[in-house]
Amino acid sequence: MFDRDFFARPVLDVARDLVGWTVRHGDTAGLIVETEAYHQDEAACHAHVGVTARTSTLFGPPGLAYVYRSYGIHALLNVVCEPEDVGAAVLIRALDPSDGLDLMRARRRLDREQDLCSGPGKLTQALDVGLHHNETDLLGAGPVRLEPPQGPLPAPVAGPRIGITKAAELPWRFCATGSRNVSKPWPPGLRETLPR
DNA sequence: GTATGGATCTTCT
DNA sequence: GAAGATCCATACA
């Protein structure tokens with residue numbers, strides 16, 4: 001078992017350390033291979049505007065899910081980080097599918113493993129995560145759960161975030177080396193992160 | 001292989 | 001009324 005303090009740490013550290021964890025919902029699960037950090041101090045974060053009906057989850061207890069609709073179509077899954085009253089979260093951007101592949105294929109109406117969870121909107125569809133999971137606990141009490149990695153992991157690489165227009169220069173995207181299931185190929189000149 | 005545009009809806013102005 | 005942390009089908013090279 002792990003503790004809520006893990007998620008109360010700086011969001012950049014949590015984003016880096018979550019690479020290699022497992023997200024599980026029912027019979028489907030996958031290994032996290034890509035994350036991005038968002039913090040209220042930078043403009044790309046929803047919490048940047050302060051506490052509203054939409055963003056209140058981000059200021060809640062660490063370890064909760066923040067799920068919102070993107071482009072009117074997709075549900076995106078985040079993990080709330082930093083102490084309560086600080087608006088920050090880690091976006092889960094891609095998984096290596098590990099359990100329930102056939103169920104994922106049925107939900108995604110696709111065959112190729114590489115296409116099942118290689119994007120933030122894809123993985124929520126594959127795992128059947130929806131807006132009703134917003135504010136549920138990811139630490140074992142809710143239907144969607146995070147599980148820590150079994151053994152030591154290689155340090156992920158860091159680079160700029162994807163699909164945003166504000167604060168796009170910050171290198172707050174973290175990616176597992178060697179996975180083919182990332183949402184977008186890594187740019188040249190990738191950087192090793194500091195050891196965990 | 002890359003490029004483009006449509007789908008669709010919550011939130012805030 | 002516009003913007004947006006996306007995905008996919010289609011068009012072209």
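Every chain is numbered from 1 and lettered A, B, ... according to where its sequence line falls, protein lines coming before strand lines.
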salt_bridge(A:Arg24, A:Asp99) N-O dist < 4.0 Å: yes

Where at least one partner belongs to residues 37-62 of chain A, residue pairs that pass salt bridge (charged side-chain N to carboxylate O under 4.0 Å, His left out), sequence neighbours excluded: A:Glu42-A:Arg161

What does [X] touch in the nucleic acid at a heavy-atom separation under 4.0 angstrom: a base, only the sugar-phosphate, or nothing?
X	value
A:Arg161	nothing
A:Ser183	nothing
A:Arg109	nothing

Whenever both distances are under 3.5 Å in a Watson-Crick or G-U wobble pair, mark it; put DNA chain B into dot-bracket that way, with [ ] for crossing pairs and | when the partner is on another strand. |||||||.||||.

A:Phe174 backbone acceptor or donor facing A:Arg16 side chain under 3.5 Å: no

Output the rounded distance in Å from [atom1] ([X]) to [atom2] ([N]).
X	N	atom1	atom2	value
A:Leu77	C:dC7	CG	P	13 Å
A:Arg108	C:dC7	CZ	C1'	8 Å
A:Asp115	C:dT6	CG	P	17 Å
A:Leu131	B:dT8	CG	P	16 Å
A:Tyr71	B:dT11	OH	C1'	14 Å
A:Gln125	C:dC8	CD	C1'	11 Å
A:His48	C:dA5	NE2	P	13 Å
A:Leu76	B:dT11	CG	C1'	15 Å

Most 5' of A:Ile73 and A:Arg54 on DNA chain B, judged by nearest nucleotide: A:Ile73

Residue closer to the 5' end of DNA chain B, A:Arg69 versus A:Thr52 (nearest nucleotide): A:Arg69

Can A:Tyr38 be said to stack with the base of C:dA5, given centres closer than 5.5 angstrom and planes under 30 degrees apart? yes

Assign each of A:Leu110 and A:Tyr66 to its nearest nucleotide of DNA chain C by heavy atoms, then name whichever residue's nucleotide is nearer the 5' end. A:Tyr66

Same apolar cluster (I L V M F W Y, side chains within < 4.5 Å links), A:Leu64/A:Val144: no

Return yes if the base of C:dA5 and the side-chain atoms of A:Tyr68 contain a donor-acceptor N/O pair under 3.5 Å, otherwise no. yes

Within less than 4.0 Å of OP1 or OP2 of C:dC8, is there a side-chain N or O belonging to A:Lys122? yes

Got a sec, which hydrophobics cluster with A:Val49, joining ILVMFWY side chains under 4.5 Å apart, including via others? none

May I ask you to check whether A:Arg107 and A:Gln125 show a side-chain donor-acceptor distance below 3.5 Å? no

Go through A:Ser183 and A:Arg173 one step at a time and tell me if the side chain to side chain contact (heavy atoms under 4.5 Å, CB included) criterion holds. CA-CA 11 Å; A:Ser183 66; A:Arg173 175 187 179 218; 4.1 Å; yes

